[in-house]
Amino acid sequence: MSYHLGLIGYPIKHSLSPWIHQQFLNQTGLKGTYDLFEFQPDQDFSNDLDQLKEKNIHGFNVTVPYKEKIIHHLDALDHNAKAMGAVNTVYNRNGEWIGYNTDGIGYVRSLLNKFPQLEREKEKRILLIGAGGAARGIYYALMIFGFSSIDIANRTLQSARNIAHLRLNHVDTNVISLQKAETDLYEYDIIIQTTSVGMKPNIDHTIIHLSKVKTGCIVSDIVYQPIKTKFLTEAEKLGASIHFGHTMLLYQAQAASEIWTFKKAKLNNLDQKLERKWRGE
């Protein structure tokens, strides 16, 4: 069997997803291709999807601006995607398109891979910064993995409250301002930055000041261009342990690959290879 996989979105010409998924196929001994389907936003999305169906594609990833729009064209959603209100992975199950969301799962997998001790420390206090789609997925996945104390800080409190409404019974969540997050930063064991602040070309920006971060705190930034953001650089200088965002990309791709092929690829040193590829080495 040869898998036909792909990615829909716009713009995606420079996506490294084909390279990542080819690594997974090679490692698991499977044959297949992973193609880019760049759907122009001003074109007929339904017609584009009909043409994709004719290709009898086994599965595909979905990125901006179609993560929400795709939902109305699917036959079913798994519980994660339903809770997120967004889909990043579609599986063709006997002609039915099933939607999944592996973003949050991928993030938590990457975090636990870097800090395996957290498997036994689910009571750690977590601060989630931001209230967009990424924060929503990460918040939900953290709860599913068993973490029990997750506060959300954002400029717009109502956006953070909308995410907090997903709260499961075992979880304590406070919605706070960015200013309060800065003031109380020493209270947190894990800080996760989920906004686009600090991304190229605005690499000198940070969402909050980290002067009150405590030594040994885990500080994570999902921005991966640059890989080591100013946010992470400052955190490291203050004695924090840092976690890079590009590993989330790999682990969410790994989870998508499992859905399509029923095989779990190992990442080995793929994060280092991806970093070198981004640098053009």
If we only count heavy atoms from C-beta on, is the Thr33 to Ser2 side-chain gap below 4.5 Å?
no

For the pair Thr229 and Tyr224, evaluate side-chain hydrogen bond (donor to acceptor under 3.5 Å, both in side chains) and give the outcome as yes or no after the intermediate values.
CA-CA 8 Å; Thr229 59; Tyr224 53 83; over 6 Å; no

Go through it in stages, so that I can follow the logic: the residues are Gln252 and Ile105, the test is side-chain contact (heavy atoms from CB on, under 4.5 Å), and I'd like the CA-CA distance, side-chain angles, deciding distance and then a yes or no.
CA-CA 7 Å; Gln252 66 85 8; Ile105 295 168; over 6 Å; no

Keeping the roles fixed (side chain from Lys13, backbone from Glu38), state whether a donor-acceptor pair exists under 3.5 Å.
no

Salt bridge between Arg93 and Asp75, side-chain N to carboxylate O under 4.0 Å?
no

Determine the interplanar angle of the Phe262 and Tyr91 rings, folded into 0 to 90°, and report it as parallel if under 30°, tilted if 30 to 60°, perpendicular if over 60°.
perpendicular

Scan side-chain atoms only and decide if Asn92 and Glu96 contain a donor-acceptor pair under the 3.5 Å cut-off.
no

Return the CZ to OG distance between Phe244 and Ser220, rounded to the nearest 0.5 Å.
10.0 Å

Pair Thr102, Tyr251: side-chain N/O donor-acceptor within cut-off below 3.5 Å:
no

Quick one: does Leu142's side chain get under 4.5 Å of Val108's, heavy atoms only?
yes

Between the main-chain N or O of Thr156 and the side-chain N or O of Asn154, is there a donor-acceptor pair closer than 3.5 Å?
yes

Is a salt bridge present between Asp151 and Arg125, judged by a nitrogen-to-oxygen distance below 4.0 Å?
yes

Indicate yes or no for a side-chain donor-acceptor contact from Gln43 to the backbone of Phe45 under 3.5 Å, with no hydrogens or angles considered.
no

Would you check, one step at a time, whether the test side-chain contact (heavy atoms from CB on, under 4.5 Å) holds for Leu127 with Ile192?
CA-CA 6 Å; Leu127 174 65; Ile192 306 169; over 6 Å; no

Does any part of the side chain of Val62, heavy atoms only, come nearer than 4.5 Å to the side chain of Val90, both counted from C-beta?
yes

Heavy-atom count around Lys273 NZ within 6.0 Å, excluding the residue itself: above 12?
no

With a cut-off of 6.0 Å (strictly less than), are more than 12 heavy atoms of other residues, nucleotides or ligands near NE2 of His209?
no

Please report the C-alpha distance between Tyr139 and Met84 in whole Å, then the side-chain angles of each, then the deciding distance to 0.1 Å, and finally whether the side-chain contact (heavy atoms from CB on, under 4.5 Å) criterion is met.
CA-CA 10 Å; Tyr139 177 75; Met84 295 303 96; over 6 Å; no

Would you say the side-chain atoms of His58 pair up with the backbone N or O of His4, donor to acceptor, closer than 3.5 Å?
yes

Intermediate values then yes/no, salt bridge (charged side-chain N to carboxylate O under 4.0 Å, His left out), Arg167 and Asp172:
CA-CA 8 Å; Arg167 187 182 68 82; Asp172 289 325; 5.1 Å; no

Does the pair Glu258/Arg109 count as a salt bridge with the N-to-O cut at 4.0 Å?
yes

Residue pair Asn61 / Ser17, side-chain donor-acceptor N/O under 3.5 Å:
no

Phe60 and its side chain to side chain contact (heavy atoms under 4.5 Å, CB included) partner, picked from Thr89, Leu52, Leu5, Leu7:
Leu52

For Gln193, which of Leu210, Thr206, Asp221, Ile208 qualifies under side chain to side chain contact (heavy atoms under 4.5 Å, CB included)?
Asp221

Quick check against the 3.5 Å criterion: does Thr247 have a side-chain atom that pairs as donor or acceptor with the backbone of His243?
no

Walk me through it: do Asp103 and Asn88 pass the test side-chain hydrogen bond (donor to acceptor under 3.5 Å, both in side chains)?
CA-CA 7 Å; Asp103 285 332; Asn88 81 325; 3.0 Å; yes

Which hydrophobic side chains are connected to Met199, either touching it within the sub-4.5 Å cutoff or through other members that do?
Val223

I'd like to know if Lys214 pairs up with Glu187 as an ion pair, taking the criterion as any Lys NZ or Arg NE/NH1/NH2 lying under 4.0 Å from an Asp or Glu carboxylate oxygen.
no

In the structure I gave you, are the side-chain heavy atoms of Thr194 and Leu128 within less than 4.5 Å of one another anywhere?
yes

Please check if the side chain of Asp44 supplies one atom and the backbone of Asn47 the other of a donor-acceptor pair under 3.5 Å.
yes

Could you grab the distance from atom NE2 of His21 to atom OG1 of Thr261, nearest 0.5 Å is fine?
10.0 Å

Distance check, rounded to the nearest 0.5 Å: Ile190 atom CD1 versus Glu121 atom CD?
8.5 Å

Under 3.5 Å: donor-acceptor pair, side chain of Asn101, backbone of Ala86:
yes

Using a strict 4.0 Å threshold on nitrogen-to-oxygen distance, state whether Lys237 and Glu234 make a salt bridge.
no

So Leu49 and Trp97, side-chain contact (heavy atoms from CB on, under 4.5 Å) or not? Walk me through it.
CA-CA 11 Å; Leu49 289 177; Trp97 280 7; 4.0 Å; yes

Does Ala265 offer a backbone N or O that forms a donor-acceptor pair with the side chain of Gln254 under 3.5 Å?
yes

Can you label the angle between the Phe37 ring and the Phe39 ring as parallel, tilted or perpendicular, going by 30° and 60°?
tilted

With heavy-atom distances below 4.5 Å as the criterion, would you say the side chains of Asp189 and Ile126 are in contact?
no

Under 3.5 Å: donor-acceptor pair, side chain of Gln27, backbone of Lys266
yes

May I ask you to check whether Phe24 and Trp19 place their ring centres under 6.0 Å from each other?
no

Heavy atoms of other groups near Lys180 NZ, more than 12 under 6.0 Å:
no

If we ignore hydrogens and angles and just use 3.5 Å, is the side chain of Ser15 paired with the main-chain N or O of Ile12 as donor and acceptor?
no

